[in-house]
**Q** 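Structure provided below as structure tokens; questions to follow.
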Amino acid sequence: MTIIDIPEGWPADEARALAVQDELRARVVLDETGPEPGTGTVAGVDVAYDDVRGVVAAAAVVVDARTLTVVEESTAVGKVAFPYVPGLLAFRELPAVLAALRSLTRAPGLVVCDGYGRAHPRRFGLASHLGVLTGLPSIGVAKNPFVFGHGELGPHRGDTAPLRADDGEEVGRALRTQPGVKPVYVSAGHRTALDTACAHTLLLAPRYRLPETTRRADRLCREALAAAVL
DNA sequence: GCGACAG
DNA sequence: ATCTTGTCGC
């Protein structure tokens, strides 16, 4: 377990955070297909908080994309760097997540984030931000809808419904990963196409609604938070 | 102005 | 995110 360090110049207020998003948004790469589903390694990242103590813990769990076997794990703990503000989640979660990713032995082929990428008010959600900062292909898989609604989708595993922006662009997709169960919300983050993102998500969730990567990362960061003594 | 609002 | 009991079902 490593200690989190707040990156130099990390925004301390909403106005600066918005400015950072506006600048970094131009660096997102959306014309790459992304890693072949079922190949290489995939990292899941998640964060847990203790707002009373002001402590945050992050975890990164890397699995083999084909077998879903855990290849490596890492955690990081430290102090909360930013409050939760819808639309600015990255500024709260990234310092911890970056610290956890940095301590991995080898870079994963894809990073799955808890939240959105393109399907964001300013098209620069957590997953896109992480991708730009690390250079790694990334996608967002959220548990709840954010600013974009969608129509009904079929009840079968693999059924989808587009998340559309005002201009009609499909910025994400509601994806049914388990029959008859509430869907997850997928969007491209960086260097990955939406189709690829959905394919990976489906392969990562053979048994439960959420990808194994985020399920494992969720458990691990909670354990790290409970063990933290800051 | 009033809600809605990833984690 | 986090606070929390029981309960229904495989």
**Q** Using a 4.0 Å heavy-atom cut-off to protein, can you give one letter per nucleotide of nucleotides 4-10 of chain C, 5' to 3': B if the base is in contact, S if only the sugar-phosphate is, - if neither?
**A** -------
**Q** Whether the side chain of A:E73 engages the backbone of A:L220 through a donor-acceptor N/O pair (distance < 3.5 Å, no angle test) should be reported.
**A**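 No: the side chain of A:E73 does not pair with the backbone of A:L220.
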**Q** For DNA chain C, which consecutive runs of 3 or more Watson-Crick or G-U pairs (each distance under 3.5 Å) count as stems?
**A**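 Runs of three or more consecutive pairs: none qualify.
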**Q** Dot-bracket for DNA chain B, 5' to 3', with Watson-Crick and G-U pairs under 3.5 Å, [ ] for crossing pairs and | for other-strand pairs: what is it?
**A** .......
**Q** Go through the steps to decide whether A:Q21 and A:R122 satisfy the test side chain to side chain donor-acceptor pair (under 3.5 Å), and finish with yes or no.
**A** CA-CA 8 Å; A:Q21 289 188 330; A:R122 290 170 295 283; 2.7 Å; yes
**Q** Using a heavy-atom cut-off of 4.0 Å across all strands, would you classify A:P145 as base, sugar-phosphate, or nothing?
**A**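 Since only primed, P, OP1 and OP2 atoms lie under 4.0 Å of A:P145, the category is sugar-phosphate.
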**Q** Can you give the first and last nucleotides of DNA chain B, 5' to 3', that have an atom under 4.0 Å from a heavy atom of chain A?
**A**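 Extent of the interface on DNA chain B: B:dC5 to B:dG7.
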**Q** Side chain of A:R164, backbone of A:F148: donor and acceptor closer than 3.5 Å?
**A**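 The answer is no, because no donor-acceptor pair under 3.5 Å joins these two groups.
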**Q** Quick one: list whatever passes ring-ring contact (aromatic ring centres under 6.0 Å, His included) with A:Y49, sequence neighbours left out.
**A**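 ring-ring contact (aromatic ring centres under 6.0 Å, His included) check on A:Y49 returns nothing, list empty.
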**Q** Rounded to the nearest 0.5 Å, how far does NE2 of A:H190 lie from CG of A:L136?
**A**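 If we round to the nearest 0.5 Å, A:L136:CG and A:H190:NE2 are 8.0 Å apart.
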**Q** Tell me, please, whether A:Y185 has A:R173 positioned over its six-membered ring: NZ or CZ under 6.0 Å from the ring centre and within 45 degrees of its axis?
**A**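 That pair does not qualify as a cation-pi contact.
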**Q** Determine all donor-acceptor pairs shorter than 3.5 Å in which one atom belongs to a side chain in residues 30-45 of chain A; sequence neighbours excluded.
**A**
| from | atom 1 | to | atom 2 | distance (Å) |
| --- | --- | --- | --- | --- |
| A:E32 | OE1 | A:R191 | NE | 3.1 |
| A:E32 | OE2 | A:R191 | NE | 3.4 |
| A:T41 | OG1 | A:G109 | N | 3.2 |

**Q** How would you label the contact of A:G87 with the nucleic acid (heavy atoms, under 4.0 Å): base, sugar-phosphate, or nothing?
**A**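 Base, at least one base atom sits under 4.0 Å.
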**Q** For A:H120, what residues pass the ring-ring contact (aromatic ring centres under 6.0 Å, His included) criterion, not counting sequence neighbours?
**A**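 For A:H120, no residue satisfies ring-ring contact (aromatic ring centres under 6.0 Å, His included) once neighbours in sequence are set aside.
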**Q** Tell me: CG of A:L89 to P of C:dT2, nearest whole Å?
**A**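 Atom CG in A:L89 sits about 13 Å away from atom P in C:dT2.
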**Q** Please check if the side chain of A:R92 supplies one atom and the backbone of A:F82 the other of a donor-acceptor pair under 3.5 Å.
**A**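 Yes, the answer is positive, given that a donor and an acceptor are paired below the 3.5 Å cut-off.
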**Q** A:D114: which residues meet the side-chain hydrogen bond (donor to acceptor under 3.5 Å, both in side chains) condition with it, sequence neighbours left out?
**A**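 Applying side-chain hydrogen bond (donor to acceptor under 3.5 Å, both in side chains) to A:D114 gives A:K143.
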**Q** Can you tell me how far P of C:dT2 sits from CZ of A:R222, to the nearest Å?
**A**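 That distance rounds to 5 Å.
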**Q** For DNA chain C, which residues of residues 41-53 of chain A approach it to below 4.0 angstrom with any heavy atom?
**A**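 Here the set is A:A48, A:Y49.
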**Q** Please name all residues satisfying side-chain hydrogen bond (donor to acceptor under 3.5 Å, both in side chains) with A:E23, sequence neighbours left out, ordered by chain then number.
**A**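 Partners of A:E23 under the side-chain hydrogen bond (donor to acceptor under 3.5 Å, both in side chains) test: A:R27.
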**Q** Where do A:L194 and A:V186 come nearest, in terms of heavy atoms and distance?
**A**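 Looking at all heavy atoms of both residues, the shortest contact is CD1-O, 3.7 Å.
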**Q** According to side-chain hydrogen bond (donor to acceptor under 3.5 Å, both in side chains), who are the partners of A:D159, at least two apart in sequence or on a separate chain?
**A**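 Here no residue qualifies.
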**Q** Which part of the nucleic acid, if any, lies within reach of A:L88 when heavy atoms closer than 4.0 Å are counted: base, sugar-phosphate only, or nothing?
**A**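 It contacts base atoms.
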**Q** Under a 4.5 Å cut-off applied to non-hydrogen side-chain atoms, are A:F124 and A:V132 in contact?
**A**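 The answer is yes; the side chains approach within 4.5 Å.
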**Q** List for me each residue that meets side-chain hydrogen bond (donor to acceptor under 3.5 Å, both in side chains) alongside A:R25, sequence neighbours excluded, and say none if there are none.
**A**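 Per chain and number, A:R25 pairs via side-chain hydrogen bond (donor to acceptor under 3.5 Å, both in side chains) with A:D22.
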